[in-house]
Structures are given as C-alpha cells and as structure tokens.
There are 2 protein chains.
Amino acid sequence: MTDIALLLFDGVTALDAIGPYEVLWRIPGARVRFVAAEPGPCRTDNGLLQLVATTGFADVTAADVLVVPGGFGTRRLVDDEPTLRWIRDLHAKTMWTTSVCTGALLLGAAGLLDGRDAATHWRARELLAKYGARPVDDRVVERGRLITCAGVSAGIDMALTLAARLADEMTARAIQLAIEYDPQPPYDSGSLASAGPAVLERLEEMTRQ
Amino acid sequence: MTDIALLLFDGVTALDAIGPYEVLWRIPGARVRFVAAEPGPCRTDNGLLQLVATTGFADVTAADVLVVPGGFGTRRLVDDEPTLRWIRDLHAKTMWTTSVCTGALLLGAAGLLDGRDAATHWRARELLAKYGARPVDDRVVERGRLITCAGVSAGIDMALTLAARLADEMTARAIQLAIEYDPQPPYDSGSLASAGPAVLERLEEMTRQ
C-alpha cells in the first residue's frame with residue numbers, strides 16, 4: 001500500500017489540495033488521508049467551503065507521500081511549530097515530500113528547502129527565497145525526493161508526475177484519461193510571462209477590491 | 001452580485017466541483033453557495049473526503065448560475081425527483097445553467113437537454129444520449145444559456161469561459177493567472193483519442209481492481 005498524507009488547515013486553497021488528491025487516490029493500492037492538527041472541518045481561504053480532515057497529526061506519524069497544499073493559511077503556519085515539526089517528522093520517513101503553490105513556504109519554514117531549487121506560486125517566489133530556497137520558474141520541480149510545483153492548478157501536473165514514480169507511466173496516463181485532463185484553457189494567461197502587464201494589473205485591481 | 005449555486009451530493013467527484021469553484025468565486029461580486037438536499041457534509045465518490053454543503057434546497061430557490069458536478073452519485077440522483085425538481089426550478093431563473101462531467105446526466109434527467117448538444121465524461125456519452133441529448137466530443141459546449149463540459153478537470157476550462165461571460169475577458173484572464181492555470185501535463189493521454197487503446201486497457205484493468 002502507498003500511504004499518502006495530505007495536509008489540511010484553515011485558509012487552504014481548495015484546488016491546491018483537490019487537484020493532487022483527484023489524481024493520487026486513483027493509484028492502485030494508494031490510501032489518501034486528509035490530515036490536520038486535529039480532525040474536523042477546515043475552512044478554505046475564502047471561508048466559503050469546508051474540507052473535512054479525517055485524521056489528526058497524532059495519528060499520522062509516517063507516510064510514503066506527504067502533500068502540502070498552499071493558501072493564505074500558510075502565512076500563519078510558517079510560525080506554527082507543531083505543524084512544522086509534523087512536516088519534518090513525516091519527511092524523515094517519506095519516499096516523496098511534495099508541495100503545491102505556497103505549500104512550499106511550509107516546507108521552507110520546516111527547513112527542508114535550504115539551498116534547494118523549488119517552485120511556488122509566482123507571487124510568493126521572493127517570500128520562498130527567505131527560507132533559503134532557490135525559486136525556479138518551472139511548473140514542476142523534482143529534486144531528489146522533493147517535488148514542488150507552481151500555483152494552485154499545478155498540483156494536477158505534479159501529481160501525474162508523482163503517479164508515474166509511485167506506479168508507472170501507463171498508470172499515470174490511465175489516470176489522466178480517467179480525469180479527462182486534456183486542458184484547453186480559453187485564454188493563454190496562466191503564467192506571468194504569457195499574461196502580460198494588463199492582465200496582472202486587472203488581477204491586482206480585483207485583489208484590492 | 002452574481003449568485004452562484006453549486007450542487008453537492010454523496011458520490012460527487014471532488015475536482016468536478018472544486019475546479020469551477022476555484023475559478024468562479026474569484027469573480028468580483030460573485031457569491032458561491034454549496035447546496036445539497038440538506039446542509040451538511042457530502043462524501044465524495046470514493047468516500048475519502050467530505051465537502052460541506054452550507055445550504056439546503058429549501059433555502060436556494062433562485063440563482064444566476066447553477067453548476068452541477070458529476071460523480072458516481074449521479075447514477076442514483078437521475079431518479080431522485082426532489083433533486084431534478086430543484087434543478088428544473090433553478091434553471092427557470094438562471095442566466096447560465098452548467099454541468100461538469102456526468103453532471104450532464106442530471107441536466108438530462110431533469111429534461112433540460114432534450115434534442116440539445118451536450119458534453120459529458122467520455123465514458124458516459126451513450127448514457128447521456130438516453131436522455132435525448134446529442135453527445136458532442138468537445139471540451140466545453142455552450143448552447144444558449146446551457147454550458148456542459150467533458151470529464152472532471154474540464155470544469156476549470158468551462159468556468160473560465162463562464163467567467164468571461166459573467167464579467168469580461170480580462171477578468172477571466174486575471175483569474176487564470178491567479179490560479180496559475182498554465183497546464184503542462186507530463187503526458188498526452190487526456191482524451192480517448194490521444195490516450196489510445198493500451199492506456200484505455202490499463203484504466204479498465206485499474207477500475208476492475
């Protein structure tokens with residue numbers, strides 16, 4: 001069995017967690033557990049949705065895979081020693097330790113990224129560098145048994161990469177077909193480079209509202 | 001304000017719901033409500049995760065946008081008159097009625113797709129035709145104020161299309177940048193045509209396990 005622990009917390013971005021989950025649970029023999037400091041509902045970044053953690057830190061002392069999603073809640077957790085200790089303790093035993101988006105800040109704050117290449121949300125690259133990481137402008141960054149990736153939706157790409165490592169390429173491809181991941185975004189504005197300054201300005205305007 | 005109702009039910013596929021949600025809540029002035037027959041936690045298709053519906057059918061009698069996700073739970077709901085009535089009643093008042101994946105089966109069972117082009121998960125096309133719809137092999141199918149889309153991950157593409165209709169193209173592009181939706185799947189197996197017979201066979205083998 002492949003034991004997968006997916007961290008939840010108040011202020012998580014839902015798609016950061018659900019993208020990898022929707023891929024990883026489909027690996028034959030995988031068990032995905034949603035883990036928070038204590039079991040119970042966790043509110044997403046906007047407070048609109050609750051995702052329920054079925055297990056607490058105390059009950060998950062080892063896993064083959066750790067997935068750390070991002071979200072505004074990470075800003076508080078970078079100073080939360082119980083969370084960082086849990087990440088550190090799990091990482092000592094994982095085959096793969098992974099993050100999506102600003103989940104990388106938690107890996108960084110836990111001391112796992114010092115001097116290492118890592119990806120995060122484009123907005124958080126400077127912040128990530130404060131934890132000693134070297135922010136890389138790639139969608140999925142695999143270095144040894146650490147896999148980090150870019151913002152929010154990048155967790156799907158990361159998880160398909162991971163599925164091939166945990167199982168094999170045919171299994172990863174079969175999962176891609178199962179979730180019909182044949183992306184056709186109507187626009188080409190998914191990266192800072194492709195979006196350009198006018199789109200960035202519109203986003204900043206929306207964020208200020 | 002744009003009032004968005006997102007249906008939840010036991011047996012929903014999490015990404016079907018979370019993909020559109022992660023896009024649509026970011027539209028300025030949008031309010032997203034997760035609605036189930038009764039408020040409370042809904043188990044996803046594999047039972048591993050619970051998404052919490054904050055509102056019941058009785059409290060949501062109108063919305064600007066209805067989003068109906070898919071999942072194995074739809075197989076039961078196609079015969080559930082309270083759910084179909086709620087979909088029909090809401091559709092009478094929406095600006096846009098949408099589905100992701102096998103959510104189209106519920107729109108079909110509610111009588112909304114008779115004689116109309118519609119998309120669904122590739123596996124459910126024949127089933128969709130039983131409800132009088134004409135299954136179309138496109139990722140996002142917009143016909144009048146009905147938008148249906150392909151399986152699971154296609155909800156992200158659908159929601160970006162919808163965001164441009166509800167707001168404008170710049171806003172949709174800004175949301176695409178916010179969720180860093182610059183997809184780079186490691187493989188090209190996201191559609192039946194691109195996956196080929198060996199991948200399909202692997203998926204069938206995994207599904208039988």
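Below, read A as the first sequence line, B as the second, and so on, with proteins coming before strands; counting in each chain starts at 1.
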Pick one of side chain, backbone, both or neither for B/S194, based on which atoms fall under 4.5 Å of a heavy atom in chain A. neither
CZ of A/F9 to CG of A/L106: how many Å apart, nearest 0.5 Å? 6.0 Å
If I measure from the heavy atoms of chain A, does B/R26 come under 4.5 Å with its side chain, its backbone, both, or neither? both
Is A/R43 salt-bridged to A/D10, cutoff N-O under 4.0 Å? no
B/S191 portion near chain A, given a 4.5 angstrom heavy-atom threshold: both
Quick one: which of A/D45, A/L160, A/L49, A/T161 has the most heavy-atom pairs under 4.5 Å with chain B, could you say? A/L49
Heaviest contributor of heavy-atom pairs below 4.5 Å to chain B, chosen from A/P185, A/P186, A/A195, is A/P185
Does any non-hydrogen side-chain atom of B/M206 lie less than 4.5 Å from one of A/I175? yes
Between A/V32, A/N46, A/L51, who has the most heavy-atom pairs with chain B when the cutoff is under 4.5 Å? A/N46
Given that the side chain runs from C-beta out, which part of B/L200 has a heavy atom under 4.5 Å from chain A: side chain, backbone, both or neither? both
Options A/A53, A/P183, A/G29, ranked by heavy-atom pairs under 4.5 Å with chain B, top entry: A/P183
Okay, side chain of B/E180, backbone of A/W122: is any donor-acceptor separation there less than 3.5 Å? yes
Any Lys/Arg nitrogen of A/E205 or A/R208 sitting under 4.0 Å from an Asp/Glu carboxylate oxygen of the other? no
Side chain, backbone, both or neither: which part of B/E201 has a non-hydrogen atom closer than 4.5 Å to chain A? neither
Check each atom of A/I27 against the heavy atoms of chain B and say whether the ones under 4.5 Å are side chain, backbone, both or neither. neither
Output the option from B/A198, B/A154, B/A14 having the highest count of non-hydrogen pairs under 4.5 Å with chain A. B/A14
Given heavy-atom pairs under 4.5 angstrom as the criterion, report whether the side chain, backbone, both or neither of B/E22 touches chain A. side chain
Nearest heavy atoms of A/L7 and A/W86, plus distance in Å: CD1-CZ3, 3.8 Å
Let me know if A/L6 has heavy atoms under 4.5 Å from chain B in its side chain, its backbone, both or neither. neither
Using a 4.5 angstrom heavy-atom cutoff, name the option from B/D188, B/D16, B/T54 with the most pairs to chain A. B/D188
Return the orientation label for the B/Y21 and B/F34 ring planes: parallel under 30°, perpendicular over 60°, tilted otherwise. tilted
Report yes or no: do B/T171 and A/R202 form a side-chain donor-acceptor pair below 3.5 Å? yes
B/R33, CZ: over 12 other non-hydrogen atoms inside 6.0 angstrom: yes
When only pairs under 4.5 Å are counted, which of B/V199, B/T207, B/T13 shares the most heavy-atom pairs with chain A? B/V199
For the interface with chain B, which of A/R31, A/E204, A/M170 has the highest count of heavy-atom pairs at distances below 4.5 Å? A/M170
